[in-house]
Amino acid sequence: MFPLLFILKVAFIIYVFFSIIWVLLLRLLGQYFHETKKYKSYLFARWMQGFFIATTLLGVLLWFDVTVLEPNWIQIRKVTIEDERFSSGLQDLKIVQIADLHIEKIGKREKQLIKKVNDLKADVIVTNGDFVNGVEGWDLAIEVLSQLKAKYGVYTILGNTDYYFINEGVAQVDLEKIGVTLLRHSNLRLDFEGGGSFWLVGLSDKYGLLGQYNDRKYIDWAFKGVPRNEAKVLLIHDPEHALIDTIADYDPQLILAGDTHGGQVGISFIRQFSTYANRTPYMAGLFDIKGMPMYVNRGIGMKTLNIRFLCRPEITVLTLKKKGF
């Protein structure tokens with residue numbers, strides 16, 4: 001993900017090693033200068049000793065933050081989307097979005113995810129795929145997903161990494177067994193108490209990618225039977241797929257995406273050193289795509305390099321509000 005950061009990691013280890021040596025040497029030099037009454041040299045040696053100790057401690061704290069603290073510190077973000085096609089009956093609905101679990105084990109982060117999501121008492125849970133980093137993660141992903149509870153169900157698409165390791169048919173069967181609905185290129189209408197409803201449309205990454213390469217039939221299939229004048233929420237994996245002209249033709253009132261992990265580093269200058277992390281301008285947050293709102297979730301897990309810096313994992317709570325109501 002970040003070749004530069006790998007180099008920095010190695011450089012930091014080397015720096016810490018030599019810093020310890022320098023601190024010990026400077027301590028000895030400081031004693032020598034003090035005994036020989038060379039006070040200016042003594043003060044300089046003490047200053048340099050403090051510098052190496054301080055920078056090493058700061059480096060250790062930074063490394064703890066990016067590898068331990070932030071990757072396991074899940075943030076809950078609340079987002080409200082307004083549109084005249086959202087009925088007033090939807091505004092009390094709680095939609096929870098998660099993305100990019102990239103599970104390698106069920107550890108502190110995954111347990112925290114389950115608890116935080118269930119504590120929200122969601123009406124609907126949607127996910128944007130990329131559950132695994134390898135084939136061994138699929139059973140773990142199923143175990144985590146099976147513990148997520150929502151009043152009106154859990155709905156998902158598949159991400160690009162899922163297709164690397166998991167057969168789509170197997171994924172659909174396994175998800176159905178735990179009550180999770182997989183939308184490959186399809187839709188369904190969700191009706192709620194109080195009269196609110198919207199169409200949930202899913203376009204798994206494989207079919208969004210085909211759409212990018214002008215095979216648009218899967219997008220047509222995804223929206224098949226959905227009335228144009230009714231509220232629609234579209235799940236995609238890669239935010240770049242929102243740029244496909246055919247999607248704009250169907251005019252969804254909200255597009256939900258993932259894939260980016262927010263770049264895993266929240267400083268755009270650093271992300272520029274990696275074409276992987278800097279592959280889209282739609283890194284995280286709310287965007288306007290051809291008049292359609294798109295929210296890009298920062299994801300839960302990580303890929304390639306297991307770090308996060310100023311880019312915590314995210315659970316998004318979405319509210320759909322009738323414009324002007």
Side-chain angles (χ1 to χ4, degrees), residues 76-99 117-129 131 145-159 171-205 207-208 218-237 241-242 247 249-258 286 292-297 315-323 325:
I76 296 175
R77 294 196 66 186
K78 295 182 178 181
V79 178
T80 298
I81 306 295
E82 294 188 8
D83 192 278
E84 57 272 6
R85 272 170 282 191
F86 292 144
S87 69
S88 58
L90 294 176
Q91 65 182 12
D92 294 325
L93 193 73
K94 188 178 290 183
I95 302 171
V96 172
Q97 178 199 17
I98 58 174
V117 168
N118 288 338
D119 284 349
L120 287 168
K121 300 188 185 307
D123 293 296
V124 175
I125 296 174
V126 296
T127 91
N128 296 87
F131 297 107
L145 290 171
S146 70
Q147 297 180 63
L148 302 182
K149 307 301 179 185
K151 185 175 181 180
Y152 295 98
V154 181
Y155 305 89
T156 190
I157 58 173
L158 296 178
Q172 182 145 20
V173 170
D174 289 345
L175 289 167
E176 285 177 353
K177 286 179 181 177
I178 60 170
V180 175
T181 301
L182 173 61
L183 301 169
R184 296 185 298 166
H185 44 73
S186 57
N187 65 75
L188 48 81
R189 176 175 165 149
L190 298 177
D191 295 289
F192 309 102
E193 295 172 9
S197 68
F198 67 82
W199 291 84
L200 184 63
V201 182
L203 191 68
S204 290
D205 187 78
Y207 306 103
Y218 296 105
I219 299 174
D220 293 331
W221 291 354
F223 284 92
K224 186 176 180 180
V226 179
R228 183 174 178 82
N229 62 342
E230 294 188 18
K232 301 171 286 297
V233 175
L234 171 64
L235 300 181
I236 59 174
H237 180 66
H241 294 167
I247 287 177
D249 292 340
Y250 285 104
D251 188 29
Q253 280 60 67
L254 173 62
I255 301 173
L256 298 175
L286 190 61
M292 302 173 294
M294 175 176 71
Y295 189 81
V296 182
N297 182 290
I315 297 169
T316 311
V317 180
L318 296 142
T319 300
L320 308 181
K321 186 177 179 182
K322 185 175 180 64
K323 195 170 185 178
F325 183 79

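Bear in mind that the values here come from a model prediction, so they are computed numbers and not experimental data. Excluded from the calculations below are hydrogen atoms, water molecules and symmetry mates; all remaining heavy atoms, backbone and side chain alike, are included.
- Listed for the N118 side chain is a donor-acceptor partner under 3.5 Å among the backbone atoms of K149.
- At a threshold of 4.5 Å between non-hydrogen side-chain atoms, the residues F223 and D249 do not count as touching.
- To the nearest 0.5 Å, the span separating CG on L234 from CE on M294 amounts to 10.5 Å.
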Worked verdict on Y250 versus V226 for side chain to side chain contact (heavy atoms under 4.5 Å, CB included):
CA-CA 9 Å; Y250 285 104; V226 179; over 6 Å; no
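- Atom OG of S88 is separated from atom CG of L320 by 12.5 Å, given to the nearest 0.5 angstrom.
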Full working for side chain to side chain contact (heavy atoms under 4.5 Å, CB included) between L318 and L256:
CA-CA 10 Å; L318 296 142; L256 298 175; 3.8 Å; yes
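- With rounding to the nearest 0.5 Å, the separation of OG1 in T127 from CG in L148 is 9.0 Å.
- Counting all heavy atoms, side chain and backbone alike, P293 lies closest to L286 at CB-CD1, 4.4 Å.
- Nearest heavy atoms, V96 versus A122: CG2-CB, 3.5 Å.
- When every heavy atom of Q253 is checked against every heavy atom of A231, the shortest pair comes out as OE1-CA, 3.4 Å.
- Between Y207 and Y218, the two ring planes are tilted [angle within 30° to 60°].
- I247 approaches P252 most closely through the heavy-atom pair O-CD, 3.4 Å.
- Within the 4.5 Å cutoff, the side chain of L183 has heavy atoms near those of the L188 side chain.
- In this view, E176 satisfies the salt bridge (charged side-chain N to carboxylate O under 4.0 Å, His left out) rule with no residue, not counting sequence neighbours.
- For the pair N187 and K224, the tightest heavy-atom approach, listed with the atom from each and the gap, is ND2-O, 3.0 Å.
- The main-chain N or O of V296 is never found under 3.5 Å from a side-chain atom of Q97 such that the two would form a donor-acceptor pair.
- Rounding to the nearest 0.5 angstrom, the gap separating the NZ atom in K151 from the NZ atom in K121 is 12.0 Å.
- Rounding to the nearest 0.5 angstrom, the gap separating the CD atom in E82 from the OG1 atom in T319 is 10.5 Å.
- Using a distance-only test at 3.5 Å, with no hydrogens or angles considered, no donor-acceptor pair links the side chain of N128 to the main chain of L235.
- F192 and F198 have tilted rings, their planes meeting at an angle from 30° to 60° on a 0 to 90° scale.
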Starting from the C-alpha separation in whole Å, work towards a yes-or-no answer on side chain to side chain contact (heavy atoms under 4.5 Å, CB included) for L145 and F131.
CA-CA 10 Å; L145 290 171; F131 297 107; 3.7 Å; yes
Evaluate the criterion side chain to side chain contact (heavy atoms under 4.5 Å, CB included) for residue pair R77 and N297; output intermediate values, then yes/no.
CA-CA 9 Å; R77 294 196 66 186; N297 182 290; over 6 Å; no
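- When atom types are taken as modelled, the side chain of K177 and the backbone of V173 share no donor-acceptor pair closer than 3.5 angstrom.
- The nearest pair of heavy atoms linking K322 to E84 is NZ-O, 2.8 Å.
- When side chains are defined from C-beta on, L203 counts as touching I219, because their heavy atoms get closer than 4.5 Å.
- Note that the CD atom of E230 and the CZ atom of F86 stand 12.5 Å from one another [nearest 0.5 Å].
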